[in-house]
Amino acid sequence: MAEPYDFKSVERKWQERWARDHTYAAPRIPSRDKYYVLEMLPYPSGDLHVGHAKNYTLGDAVARTMRMLGREVLHPMGWDAFGLPAENAAIERGIDPATWTRSNIANMKRQLRLMGTGYDWSREFATCEPEYYRWNQWLFLRLYERGLAYKREAPVNWCPHDQTVLANEQVIDGCCWRCGAHVERRNLAQWFLKITAYADRLLADLDRLDGWPERTKTMQRNWIGRSEGVELAFGVERTKGRIEAFTTRADTLFGVTFLAIAPEHPVIPLLKSVISKKHAEAIDTFASSLRSKSELERTSLMEKDGLFTGAYALNPLSHEHVPIWVTNYVLAEYGTGAVMGVPAHDERDFDFARKHGLPIAQVIVPLHHREALAPLEEAFIGDGRLIASDDFTGMSSARARKAIAQRLEAIGAGHESVNYKLRDWLISRQRYWGTPIPILYCEKCGEVPVPESELPVLLPPNAPITGEGSPLARIPEFVNARCPRCGGTAKRDTDTMDTFFESSWYYLRYLSPRDTQGPWNRDEAAGWMNVDQYIGGAEHAVLHLLYSRFFYKFFADRGWVTGDDEPFAHLFHQGFVLHDGEKMSKSRGNVVGIDETAERNGVDAMRLFLLYATPPEDTSDWTDEGITGRVRFINRVWRLCEACHPERSAEGAKSRDRQEAPAATTSAEKSVLRALNVAAKSAIDETTSRRFHYNTTIARLDELLNAMSALQREAPESHALRYAYSMIPLLLAPFAPHIAEELWERLGHTSSVHLERFPQPDESLIALDEITLVVQVNGKIRARLAVQPGLGEAEALALALAEPNVRAQLEGNKPRRHFYVPDKLLNLVR
RNA sequence: GGGGAAGUGGCGGAACGGUAGACGCAGCCGCCUCAAAAGCGGCCGAGGUAACCCCUCAUGAGGGUUCAAAUCCCUCCUUCCCCA
């Protein structure tokens with residue numbers, strides 16, 4: 001019995017060799033066909049498990065295959081190192097966030113190497129390094145110059161547990177995305193990035209992103225939420241004030257029976273001048289009861305409620321007086337903070353009118369009707385024909401929307417307008433472990449940007465991190481500064497940036513990670529961008545992936561990047577990994593770690609199993625039985641190749657050159673050569689089509705081993721077998737890089753198999769000598785004919801009609817029609 | 001409430017309108033062995049048949065398009081994901 005495969009020492013040996021030789025280093029500027037493949041940079045949370053491994057294994061297999069197909073591959077890795085968990089560790093265990101983060105990075109880097117991934121580590125960086133976040137500050141100032149970063153007081157999502165403000169995207173079901181605490185509303189002065197200035201381009205360019213999953217694009221479209229309509233003004237009676245409202249249904253304007261405004265609406269002080277004291281007090285009570293409620297509660301969870309203000313507004317076209325109500329479901333931040341109430345034609349307005357006894361005025365009827373329907377049981381929300389709408393009566397909804405918009409415009413009471421659900425991106429965080437916002441507040445000069453020469457504004461060490469309030473605000477040496485304009489005393493902004501800021505451009509930093517002249521080198525960016533294949537979880541569909549597109553468009557507008565103004569040409573979302581059908585979590589204690597798996601099964605087996613278990617986009621299940629199949633595979637490869645090993649010394653020198661495929665004579669030999677080429681074709685097709693269903697490729701490798709076993713039993717000295725031995729390392733290289741490298745070396749090669757060319761499939765060796773032609777009668781299989789490929793239609797028909805079973809089914813008749821798919825099937829229709 | 005994806009043997013899956021179940025896991029039988037493990041070979045959707053052949057049924061349910069549907073279309077059911 002041959003010695004068993006010692007995966008542990010082989011895997012360690014090659015991981016060390018690859019690190020020593022910089023096997024996966026990419027050139028500064030690509031000289032030929034470049035391929036930039038990137039997995040979303042990880043947050044250094046501590047330990048990697050097999051769920052992470054699935055993501056990185058996929059990216060690694062893609063990178064290795066493309067490299068072997070002759071592309072110049074950039075495959076970098078870094079660390080999204082700012083963020084709350086480091087600070088929480090500081091609060092809970094008194095560990096310095098920087099220390100905690102650094103040790104996690106060291107551990108995770110070790111684990112990534114342990115997985116046998118081929119990254120260009122010379123490009124590694126962590127976003128918490130001053131050399132990185134200085135460029136965050138630099139980019140912030142560039143946005144600031146253009147008016148794309150601005151500060152304003154706004155009601156914000158406040159997490160009472162993490163004591164910080166959250167972006168809308170970080171509020172999940174009314175709760176904090178990180179800690180799950182209930183989110184409240186508060187008013188604070190905050191920094192925003194004006195992503196809304198790019199709303200139209202972010203939406204329109206989705207249509208060009210052919211390499212993105214449709215569902216991700218749909219999510220972004222919904223998030224941007226473009227709607228076309230009319231912005232119109234209602235005059236407030238007995239005042240000179242106006243209330244602006246946006247509607248997509250201008251055709252229902254004559255059906256307005258009330259106006260709903262947010263309790264925070266700026267018109268309220270004006271209303272108070274014309275209403276009774278009792279009404280004014282009631283409004284205040286109502287508003288204060290809502291102040292701490294989250295948006296979700298107000299718009300979805302709470303019952304629609306409201307209060308008549310005592311004031312009336314004037315419909316600009318019908319000149320009707322409509323009561324003004326404050327409601328809990330209209331939000332000051334959305335649109336104009338006011339909504340025209342049309343109970344007959346809007347579900348929410350209908351419910352509200354019923355509850356509060358407001359009139360329901362029908363102005364739209366279905367196209368085939370001429371008069372109002374009997375009292376409505378529910379709102380009629382469809383398009384139709386207008387009734388009771390002055391001279392717009394009789395028009396279709398679509399025509400009336402245009403006509404009414406024009407009339408409003410003519411009388412100066414409105415105009416056509418586009419509204420977006422997308423709101424500006426709030427980036428201020430009252431936290432320590434992030435990029436300080438490079439702004440000073442001078443007693444004389446006001447808001448002053450930190451000059452470029454003074455960047456980076458360093459994060460001070462030894463901050464008092466207690467979990468309450470802003471740590472930076474409690475460090476006088478940090479807060480107190482000189483005004484760069486007047487030299488007087490100034491105070492620093494004590495907020496840090498949302499960590500999504502740094503992850504919106506990190507893919508550019510890999511191109512020149514040590515650059516001191518700019519965030520990236522423009523020549524290298526021109527050479528490498530955009531990212532050819534981006535791989536990461538679907539949970540980032542509207543967060544990171546939208547912010548990155550926004551940033552990149554800004555960079556393109558500034559001329560800092562050239563070519564396409566989209567950063568990611570192709571996007572792939574991998575599915576996650578369960579353990580025995582359950583989600584992996586520390587609390588369940590069912591996390592399958594990288595270290596234990598490497599120890600027990602070897603990482604080549606782990607990588608093969610992760611790719612083999614399911615298509616990569618599907619959820620997969622880690623089971624102990626599942627991986628045994630891949631452990632067997634590895635051992636089987638080893639045994640088969642060891643059987644050939646004694647001949648190595650004699651053949652070694654010869655086998656160093658790429659061998660020609662020997663002529664196969666027996667069917668077992670043909671099977672081996674065919675399986676070899678089929679496997680190569682599968683790997684190439686799955687990669688270049690970007691389907692990445694390597695589960696099928698690995699099944700083809702199983703078949704190759706089966707064919708080789710059969711040939712070995714039959715003719716152990718066969719040249720075809722020896723040829724297969726010489727090719728197997730190349731085929732395995734993208735998926736099981738260690739054993740591939742070891743076998744390659746044992747064949748006598750001195751250079752890395754990962755820098756070799758992948759075998760090009762030979763179609764003539766894939767073709768079969770004899771194929772099975774299926775004969776159907778009326779779509780049901782009635783015979784299988786063993787024929788030569790390329791058989792003509794007439795011959796096929798003649799052979800089929802000679803089959804007894806076919807004749808029996810035809811009952812002596814001639815088929816009326818037939819359909820012939822060459823080399824596949826013949827369907828006879830009776 | 002809205003949007004999206006998916007339902008195939010005991011299990012993971014394969015089949016990109018043309019032979020349903022590749023490949024693996026589990027199971028069963030055999031070889032090897034004193035024995036076991038490992039390994040190697042074989043069987044493995046359901047029913048009919050002594051049996052090979054062959055026949056019938058079968059891709060969540062029901063309908064449709066087509067010479068031909070797991071695949072395309074419609075309705076429903078279930079599960080998962082995203083958004084509100």
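By convention in this document, chain letters (A, B, ...) are assigned in the order of the sequence lines, proteins followed by strands, and residues within each chain are numbered from 1.
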| request: Ignoring the backbone of A:Arg691, work out which of B:C16, B:C23, B:A14 is nearest its side chain. | output: B:C16
| Between B:A15, B:C55, B:A26, which nucleotide has the shortest distance from any of its atoms to the side chain of A:Thr696? | B:A15
| task | Please determine if a side-chain N or O atom of A:Lys780 lies less than 4.0 Å away from the OP1 or OP2 oxygen of B:C57. | result | yes
| query | If you pin A:Gly626 and A:Arg782 to their nearest nucleotides in RNA chain B, which one's is more 5'? | reply | A:Gly626
| query | For the side chain of A:Asn827 and the base of B:C67, is some donor closer than 3.5 Å to an acceptor across the two? | reply | yes
| message | Measuring only the C1' atom in each nucleotide, how far is B:G45 from B:C32? A whole number of Å is fine. | response | 32 Å
| task | Provide the distance between the two P atoms, one in B:A68 and one in B:U79, to the nearest whole Å. | result | 35 Å
| Presence of A:Arg632 side-chain N/O under 4.0 Å of B:A26 phosphate oxygens OP1/OP2 | yes
| note | Tightest non-hydrogen contact, residues A:Ala199 and A:Ile224, listed as O-CG2, 3.9 Å
| said: Quick one, A:Arg549 with A:Gln220, criterion side-chain hydrogen bond (donor to acceptor under 3.5 Å, both in side chains). Give me CA distance, side-chain angles, the key distance, then yes/no. | reply: CA-CA 11 Å; A:Arg549 294 182 59 224; A:Gln220 291 210 355; 2.7 Å; yes
| said: Below the 4.0 Å mark, does B:C67 have OP1 or OP2 next to a side-chain nitrogen or oxygen of A:Arg830? | reply: no
| message | B:A14, OP1 or OP2 - any side-chain N/O from A:Asn695 closer than 4.0 Å? | response | yes
| request: Determine the Euclidean distance between corresponding P atoms of B:G17 and B:C72; express it in Å to zero decimal places. | output: 8 Å
| query | Stepwise, does the ring-ring contact (aromatic ring centres under 6.0 Å, His included) test hold for A:Tyr612 with A:Phe633? | reply | CA-CA 12 Å; A:Tyr612 182 72; A:Phe633 173 89; 8.5 Å; no
| request: Report the distance from atom CG of A:Asn778 to atom P of B:U66, rounded to the nearest whole Å. | output: 15 Å
| query | Of A:Lys824 and A:Ala783, whose nearest nucleotide on RNA chain B comes first from the 5' end? | reply | A:Lys824
| task | Check whether any side-chain nitrogen or oxygen of A:Asn222 sits under 4.0 Å from OP1 or OP2 of B:G4, and answer yes or no. | result | no
| said: Using whole Å, what does the distance between atom C1' of nucleotide B:U66 and atom CG of A:Leu825 come to? | reply: 14 Å
| query | If you measure from the P atom in B:C80 to the same atom in B:C44, how many Å do you get, rounded? | reply | 36 Å
| request: Kindly compute the distance separating CG (A:Leu422) from CG (A:Asn222), expressed to the nearest 0.5 Å. | output: 12.5 Å
| said: I need the CZ-P distance between A:Phe609 and B:C11, as an integer number of Å. | reply: 16 Å
| field | Side-chain heavy atoms of A:His570 within contact of A:Tyr534, under 4.5 Å | value | no
| task | Rounded to whole angstrom, note down the P distance from B:G3 over to B:C74. | result | 14 Å
| For atom C1', what is the distance between B:C77 and B:C28, given to the nearest Å? | 37 Å
| Taking atom P of B:C23 as reference, at what distance in whole Å does atom CZ of A:Arg630 sit? | 12 Å
| request: Write down the distance separating the P atoms in B:G10 and B:A61, rounded off to the nearest Å. | output: 14 Å
| request: Output yes when at least one side-chain N/O atom of A:Arg713 is less than 4.0 Å from OP1 or OP2 of B:G41, else no. | output: yes
| note | Relative to its sugar, using the 90° cut-off around 0, the base of B:G62 is anti
| task | Determine: side-chain N/O of A:Arg221 to OP1/OP2 of B:C83, distance under 4.0 Å, yes or no. | result | no
| task | Find the distance between CG (A:Asp305) and CG (A:Asn328) and round it off to the nearest 0.5 Å. | result | 5.5 Å
| task | Would you indicate, yes or no, if B:C40 has its OP1 or OP2 atom less than 4.0 angstrom from a side-chain nitrogen or oxygen of A:Arg636? | result | yes
| Atom P, compared across B:U66 and B:G12: separation rounded to whole Å | 35 Å
